[in-house]
Undergrad: 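First the structure, then my questions, so here it is.
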Amino acid sequence: GALSKLKNQHQEDPNSTILTANKPALLRSLFTVGALCRHFDFDQEDFKGNSKVNIKDKVLELLMYFTKHSDEEVQTKAIIGLGFAFIQHPSLMFEQEVKTLYNSILSDKNCSVNLKIQVLKNLQTYLQEEDTRKKVAKQEDLKEMGDISSGMSSSIMQLYLKQVLEAFFHNQSSVRHFALNVIALTLNQGLIHPVQCVPYLIAMGTDPEPSMRNKADQQLVEIDKKYAGFIHMKAVAGMKMSYQVQQAINTCPKDPVRGFRHDESSSALCSHLYSMIRGNRQHRRAFLISLLNLFDDTAKTEVNMLLYIADNLACFPYQTQEEPLFIMHHIDITLSVSGSNLLQSFKESMVKDKKKERKPLSDEESESESNSGSESESEEEASKPRRLRKRVDSDSDSDEENDINAVMKCLPENSAPLIEFANVSQGILLLLMLKQHLKNLCGFSDSKIQKYSPSESAKVYDKAINRKTGVHFHPKQTLDFLRSDMANSKITEEVKRSIVKQYLDFKLLMEHLDPDEEEEDGEVSASTNARNKAITSLLGGGSPKNNAAETEDDESDGEDRGGGTSGVRRR
């Protein structure tokens, strides 16, 4: 009665002072009406005698009216009241207006956190009550009643499942906490097919709060026991989703999202997922290849996600030598394909644009035309493998300057291909960094990596890894690229030069991709030296061992640090 009266007053004048004075009464009434409905079914004759009013519907109408109130406190109490009423009458949750209310609160990014949490709490309480009811029905051997109610709760959870799962991508940990509780209850009661939750649970396994991580991981372990292969099937989707969770949690948007914990363990965020998959060689390899394929130039994965995946690959809890060797082997394959494509597309953008500029020329342009012939030659000169050039001393700095200038002259007016090159090359740079990191972490020599074959029997590489301490994965170039927001910023001459230098280092690397056999006296061949120099230069000029940036003067000294075996001896 009180609610009906307050509703009519509000309809007549939403800004009435009487309402403000009556607010405590309104809040109490919303709560109490809901609480009474939770425990009693007022539509039974014992309660309402021969009255024709349908009390259940009347309560729904009144509570729904106040969920649209302008005051959030009133909205919250109305939603609490609804939650109570739904425990007695779950079928009300199928009502269109209820579905719209719940799902819009859960999926609206701008909706208040309190309302989101209250809706999730309502679902949680409903599931807990259902669970208790089922247990009672079981004890009293009312199996049929239990089956009907679990059929009902299963249908209800299907309605709200997607929005509850999406609540995992919320920056407030309390919202994620209640969403996870609801999903755990739903799974434990067997109300839905677990496969649709797997990627979300993998994602929640990267939550900063240990209690939530453990709860999500525990659910995955349960699912893995019952349904072998499900985890592996959704592993890559789960990794991508975990990146979205990390993006949502990331408090400083300027900082790139990283894929390892920032504590002394530096463990990969998805290390639990990897440890679940690694036991099955076939699943593990399929998973690793799928992750490495994301770095392919055709996959068009965004750079920060690649950084996130590279971080995970750098920090996964590998146990046998086979695991990192398999990754390095596939990095080499990806490099040779993607690297060639990348160089090719960059070259084409230069030459093509020169041809375009050779339209019939006006007088002013004819002068510049007389130079462009020589420019094309100089670009061809710069594109030749260094060992075929006319110049003799191929390692001097002036030589490098000439190369850079030659390519600079041939750059098209439109800087899009340059930005595209810088963007796509990040994936390949990350793979180079990752290989270098794994090599340092596990202490592998070039020849060991070269000799590895994935088809070899498993026993050969079953030895445990001897991890080095203090080796951290720090892909400086990609971090700089993301922090400077190069993909969207204005391109300066300086940036152009740095991209061109990267292109030339890259080309040198591609020419010397396959290491030659070492010469008899243990000296490193010229090709290996060239490769190591290119890698050192590409990865920021520092020794990949500690990734400290070096000055240009140290560049010549950097040759042996790139990771040739002589570098190891010298160190």
Side-chain angles (χ1 to χ4, degrees), residues 235-236 239-240 243 259 268 270 274 277 281-316 318 321-347 420-442 444 446 448-456 461 473 475 477-478 481 502-503 505-515 528 531-532 534-540 544 562-563:
V236 178
M239 285 276 292
K240 287 181 175 173
Y243 168 67
C270 296
Y274 182 77
I277 292 177
R281 182 174 167 179
Q282 194 184 347
H283 286 179
R284 175 180 78 223
R285 287 182 161 191
F287 173 58
L288 292 172
I289 287 178
S290 304
L291 291 182
L292 291 171
N293 285 345
L294 295 172
F295 291 83
D296 190 297
D297 55 327
T298 54
K300 300 272 184 276
T301 317
E302 61 166 299
V303 175
N304 197 150
M305 187 191 271
L306 290 179
L307 171 67
Y308 176 79
I309 289 169
D311 279 341
N312 274 287
L313 285 166
C315 304
F316 273 157
Y318 304 117
Q321 292 185 357
E322 207 277 331
E323 298 161 62
L325 283 169
F326 180 79
I327 292 174
M328 291 151 102
H329 175 78
H330 274 275
I331 286 178
D332 284 343
I333 295 172
T334 310
L335 279 179
S336 57
V337 179
S338 281
S340 316
N341 292 351
L342 189 59
L343 293 180
Q344 189 55 33
S345 59
F346 187 79
K347 249 181 176 156
E420 175 68 1
F421 174 80
N423 206 2
V424 177
S425 61
Q426 294 306 318
I428 297 181
L429 282 172
L430 280 167
L431 288 183
L432 272 173
M433 277 304 277
L434 178 60
K435 181 179 173 186
Q436 211 57 42
H437 168 79
L438 292 173
K439 194 168 150 182
N440 291 332
L441 182 71
C442 310
F444 293 140
D446 271 336
K448 179 153 189 123
I449 300 165
Q450 278 299 102
K451 285 176 189 150
Y452 170 79
S453 156
S455 51
E456 196 101 43
Y461 296 106
F473 184 63
Q477 285 221 338
T478 304
F481 174 85
Q502 195 184 323
Y503 160 72
D505 285 332
F506 217 80
K507 207 154 55 50
L508 185 66
L509 175 72
M510 293 307 293
E511 286 159 21
H512 301 290
L513 203 56
D514 298 323
T528 305
R531 189 177 86 257
N532 290 339
I535 289 178
T536 302
S537 186
L538 274 171
L539 303 186

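All values reported here derive from a predicted model rather than from experimental measurement. We're numbering straight along the sequence, starting at 1. Below, all heavy atoms of this structure are taken into account, side chains as well, without hydrogens, waters or symmetry copies.
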Undergrad: Minimum heavy-atom separation for Gly427 and Phe295, please, with both atom names.
TA: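 Distance-wise, the nearest heavy atoms are O-CD2, 3.5 Å.
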Undergrad: So, does Thr301 use its side chain to make a donor-acceptor pair with the main chain of Leu294 at under 3.5 Å?
TA: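 Present.
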Undergrad: Please work out whether the ring planes of Tyr452 and His329 are parallel, tilted or perpendicular, with thresholds of 30° and 60°.
TA: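 Judged by the thresholds at 30° and 60°, the geometry between Tyr452 and His329 is perpendicular.
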Undergrad: Measure the acute angle between the ring planes of Phe346 and Phe421, then classify it against the limits of 30° and 60° as parallel, tilted or perpendicular.
TA: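 Plane angle between 30° and 60°, so tilted.
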Undergrad: Any donor-acceptor pair under 3.5 Å linking the side chain of Ser336 with the backbone of Ile333?
TA: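 It does hold such a pair.
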Undergrad: Identify the two heavy atoms, one from Gly259 and one from Asp311, that lie closest to each other, and give their separation to 0.1 Å.
TA: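 In terms of heavy atoms, the two residues are closest at N-OD2, 2.8 Å.
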Undergrad: Does the Asp296 side chain pair with the main chain of Leu292, one donor and one acceptor, at a distance under 3.5 Å?
TA: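 Here the side-chain-to-backbone pair does not exist.
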Undergrad: Quick one: closest heavy-atom pair of Leu441 and Ala314, and the distance?
TA: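 Smallest heavy-atom distance, with atoms named: CD2-O, 4.2 Å.
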Undergrad: Is the shortest side-chain heavy-atom distance between Met239 and Asn312 below 4.5 Å?
TA: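 Yes. Closest side-chain heavy atoms under 4.5 Å.
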Undergrad: Do you know which two heavy atoms are closest between Tyr461 and Ser453, and how far apart they sit?
TA: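 Where Tyr461 meets Ser453 most closely, the heavy atoms are OH-N, 4.0 Å.
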Undergrad: For the residue pair Tyr274 and Tyr318, categorise the inter-ring angle as parallel (less than 30°), tilted (30 to 60°) or perpendicular (more than 60°).
TA: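 Tyr274 and Tyr318: perpendicular rings.
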Undergrad: Start with the C-alpha gap between Phe326 and Arg284, add the side-chain angles, then the distance that decides, and say whether side chain to side chain contact (heavy atoms under 4.5 Å, CB included) holds.
TA: CA-CA 10 Å; Phe326 180 79; Arg284 175 180 78 223; over 6 Å; no
